[in-house]
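I have placed the structure first, in the form of C-alpha cells, so that the comments after it can refer back to it.
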Amino acid sequence: MSLPEHAPSNFIRQIIDADLASGKHSQVVTRFPPEPNGYLHIGHAKSICLNFGLAVDYQGACNLRFDDTNPEKEDLDYVQSIQRDVQWLGFQWAGEVRYASGYFQQIHDFAVELIEKGLAYVDSLNAEQIREYRGTLTEPGRHSPYRDRPVAENLDLFARMKAGGFAEGEHVLRAKIDMASPNINMRDPIIYRVRHQHHHQTGDAWCIYPMYDFTHPISDAIEGITHSLCTLEFEDHRPLYDWVLDNISIACHPRQYEFARLNLNYTVTSKRKLKQLVDEKHVTGWDDPRMPTIAGFRRRGYTPQSIRRFCESIGVSRADSTVDVAMLEHAIREDLDENAPRAMCVLRPLKVTIENWPAGKVEVLQVPAHPKREDLGVREVPFTREIYIDAEDFSEDPPKGWKRLYPEGHIRLRGGYVMQCTAMEKDAAGQVIALTARYDEKTLGVNPEGYKANGVIHWVSADQSVPCEVRLYDRLFSVENPDGDKSRDFLEFINPESLQVMSAARVEPSVAAYPAESRFQFEREGYFAIDPSSTKGKLVLNRTVTLRDSWGKEQGKGGK
RNA sequence: UGGGGCGUCGCCAAGUUGGCAAGGCAACGGGUUUUGAUCCCGUCAUUCGUAGGUUCGAGUCCUACCGCCCCAGCCA
C-alpha cells in the first residue's frame, strides 16, 4: 500500500545499471560479510536487504562470508545465529557459506608475494613504538628502522612467525606504502599479526592472522564480487583496498562503494553496547524482545516481511541519518493489520456478572478472525454469565468523550451482545472489584432499538478463557539518542518501564491452539506473539507493538 | 591547523544534459466503522546549510564561508 513493493532506486543501483549497460559487468555478485562476534541487529538487516536484494532483483548472486580474522572475539554460536537470522529474513546465499579463514593459505601466499616484490616487510617495533612512528592526523609518520630489511630476511622472519617461533606482538608484517600519506590507513598498514589463538574454523592451523584491510579485498576478488558494499567509515580504507589488489597477482578487482549505516532513535546499534547489555544482564539475552537484534525482533513478533519493507522504506544514501523508530513500527503494524488474526485478551481482568444470563449456559459465538479477510475464517468465542472486561474500560466517573463502560451505561461486547452496567462492588479501599450487568438479548449482530451503546469493548469468558502472562514491552531507552551524551553512560538511559508483566491476563481459547511465534491482534490492545518459552501449562505472549491510539494521545495532551 | 565525506519539510528520501521541489513516516483537520484500530478524504518546503556569482532561468554550475560525521586498533 504505502510502502514500496519493490526497492526504489538509489545511487548503488544507478552504478550497477551503468556497469551493466556499459558491459563492465554482465552479472551482479555481492556479499554480506559479518564478523561472527555478536548477533545481527537492525543495522545489519539494512545491509542484508541491500546486498541480497540486489542479487535477487538483478538475478545475480550474494554470498554469505564470515569475516573471521580475529579469533579472539569470535565464536561458533555467532556463526550459527547469523545464518539462522539471514534465512529467517528470507534470504539464501549462493552456494556454501564462505569464510575468510577458508582463504588463509591464499592470503598468506599473497603476503609472501608482496614481500618478494619489496612491498611488505616484517617490523619488529612494539605496538607502542608503531603508534609513535605512525605520526598524527596533522604530522607525517616516520620510517621504521626495520623498513628496509632485505627480502630474504623478511621471508625468513615471516616464515618463522607462521611457524610459531615468536610471541604475540614480537613482529608484524606491514605493507610498504607511504609513511607520509595524509591518509593514515596508507602509512604502512599492518597486514599480519601473531595470535596464538584457537580459531573456530581453522583450529590451531594458524598462529598468524591477516588484518581486515588485507583480507577483505582478497576475499572479494577470490569470490568474483562485482560490487563490494560497506558503510561510510570504510571510505578511507578504499585506497588500501585498491592498493592490495593492484599489487598482487589476482585478475579480479571488485569496486568498493560505501553507504550510510542505519541509526535508529531510542535505540543503540553498536555490537559492543548490545553485548554489554547482554553480559551485564540488563536484558535476558541477545534475543530479548527489547533488543534491536534480528533475533529480538523475531521474538517480539516482527515478521521478516515487515523488516524487509522497513529497510526498503528508509532508502540507501550517503548522508548520516537517524531513522525514527515510528517507521519500523509503521512497517510491522501495516503487515500485522493485514495478516494477523484477531482475538480478545483482557490484561487487567474485572469480573462482570450478567444477572439475566443463566448460570452454566455457554453460547459459542462465531466471530470473524479478521474484519476484512474473510479467508481467515471465523473463531469460536464462548459467552457465559461471568465474563472479564479490562479494568481500564470502566470508569465510575467518566471524562468527557468516554466511549467505554460506566454506571448505568450501555456497552457493546465486541462480537457479542450489548449490556448495561447495573451495579458495582467495591472493596474497603473504595476500589471497584466487580460489576453486575444485564444483557440485551435482541442485540447479537443487531443494533439495539431505542437506545445506543456507548462504545465497544473487548471481553473474555471467566471460566472459558485461558490464563496467560502478557509481557508489555516498550522502548529500551527513554531518550532519543542514548549514546549521544559523551559525559553519560548509555546505561543510565535504560527505560525502567521497558517491560511490564501482566501476570493475571486472560485470553480467549482460540489463541491457545496456535504454535509458538504465532501473531495476533488483540483487539483494542495491539499486536502480540506467542513467546517460544510458552508451554501447554503456561501461555506467554509478547506485545509486539500497540495499536495507534488517538484517544490516549488526546488524553495525554491535557497533561497527565 | 592533515585527509575523507555529508548538509532538500520534525524524521527518512527522490531530484542524473540547469527549466520552475516526488513519495513515505510523523503531525493536524474531517468522513466511515460492533477494534477510540483499519480504511477514506484533506492540510503540511514561494524553498533546497549560508553568502555572493554565472544564466532568460540554479537544489542542480562557480566561489567563499558555516555546520555535522569518520580516520592516529597488532578490531572489523
Side-chain angles (χ1 to χ4, degrees), chain A residues 1-4 8-11 14 18 33-35 37 67 69-70 72-73 123 125-127 130-132 134-141 168-174 181-187 189-195 209 211-213 215-216 230-239 258 260 265 271-272 312-331 333-334 337-338 342 344 367 371-372 401-404 412-416 418 443 445-447 453 455-458 521-526 546-555:
Chain A
M1 250 157 269
S2 47
L3 291 180
S9 183
N10 56 54
F11 76 97
Q14 290 169 7
E35 182 188 15
N37 65 347
D67 220 330
T69 58
N70 185 5
E72 197 176 345
K73 292 184 177 173
D123 197 353
L125 253 25
N126 63 38
I130 287 180
R131 191 184 337 117
E132 285 166 7
R134 188 150 37 221
T136 68
L137 294 178
T138 53
E139 304 161 66
E168 293 185 9
E170 249 186 286
H171 305 284
V172 292
L173 184 69
R174 293 232 250 171
S181 173
N183 180 346
I184 291 180
N185 294 119
M186 299 299 270
R187 316 238 266 229
I190 291 166
I191 59 177
Y192 260 98
R193 76 288 213 190
V194 174
R195 280 289 174 276
Y209 291 92
M211 299 285 287
Y212 165 85
D213 284 314
T215 307
H216 211 80
C230 61
T231 43
L232 253 22
E233 66 268 28
F234 290 100
E235 187 155 22
D236 289 341
H237 296 243
R238 194 170 66 220
E258 310 84 17
N265 59 10
K271 269 199 218 169
R272 204 208 102 233
E312 283 172 10
S313 76
I314 58 175
V316 178
S317 78
R318 291 176 57 85
D320 292 317
S321 61
T322 300
V323 173
D324 193 333
V325 278
M327 287 249 222
L328 222 202
E329 295 177 345
H330 170 76
R333 285 195 184 107
E334 184 178 56
D337 173 60
E338 186 182 338
R342 261 101 267 215
M344 292 189 283
V367 183
K372 295 177 180 171
W402 183 252
K403 291 172 65 173
R404 309 178 189 183
R412 164 140 247 142
L413 294 171
R414 164 120 260 228
V418 171
T443 56
V446 185
N447 282 135
V456 183
I457 62 172
H458 57 100
Q521 182 199 97
F522 287 161
E523 293 187 279
R524 303 206 315 129
E525 288 291 355
T546 61
L547 253 27
R548 285 179 66 209
D549 180 13
S550 57
W551 169 249
K553 191 179 293 177
E554 191 177 316
Q555 292 301 291

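Note that the structure is a prediction, hence the values are computed from the model and not measured. Each chain gets a letter, A, B and so on, in the order its sequence line appears, and its residues count up from 1.
A donor N or O paired with an acceptor N or O is found under 3.5 Å between the base of B/U34 and the side-chain atoms of A/Arg412. For A/Arg342 against B/U35, a side-chain N or O and a base N or O form a donor-acceptor pair under 3.5 Å. Residue-to-nucleotide contacts include a donor-acceptor pair under 3.5 Å from the side chain of A/Asp236 to the base of B/G3. For a distance-only test at 3.5 Å, the side chain of A/Arg548 fails to qualify as a donor-acceptor partner of the base of B/G36.
Applying the 4.0 Å criterion to OP1 and OP2 of B/C75, one finds that A/Lys271 has every side-chain N and O outside that range. Contact annotation: A/Arg318 side-chain N/O to B/C12 OP1/OP2 distance is not under 4.0 Å. The phosphate of B/C74 has neither OP1 nor OP2 within less than 4.0 Å of any side-chain N or O from A/Arg195. Between A/Arg238 and the phosphate of B/G5, there is no side-chain N or O to OP1/OP2 separation shorter than 4.0 Å.
Across B/G5, B/C74, B/A76, the shortest atom-to-atom separation from the side chain of A/Asp320 is found for B/G5. Residue A/Ala319 has its side chain nearest to B/G7 when only B/G7, B/C11, B/C74 are considered.
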Output, in order, the C-alpha distance, side-chain angles, deciding distance and verdict of side chain to side chain contact (heavy atoms under 4.5 Å, CB included) for A/Tyr209 and A/Glu72.
-> CA-CA 11 Å; A/Tyr209 291 92; A/Glu72 197 176 345; over 6 Å; no

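When the side chain to side chain donor-acceptor pair (under 3.5 Å) test is applied to A/Thr231, the partners found at least two apart in sequence or on another chain are A/Glu233.
Look at NZ on A/Lys372: it is 9 Å from P on B/U38, rounded to the nearest Å.
Stacking between A/Trp551 and the base of B/G36 is present: ring centres sit under 5.5 Å apart and the planes differ by under 30 degrees.
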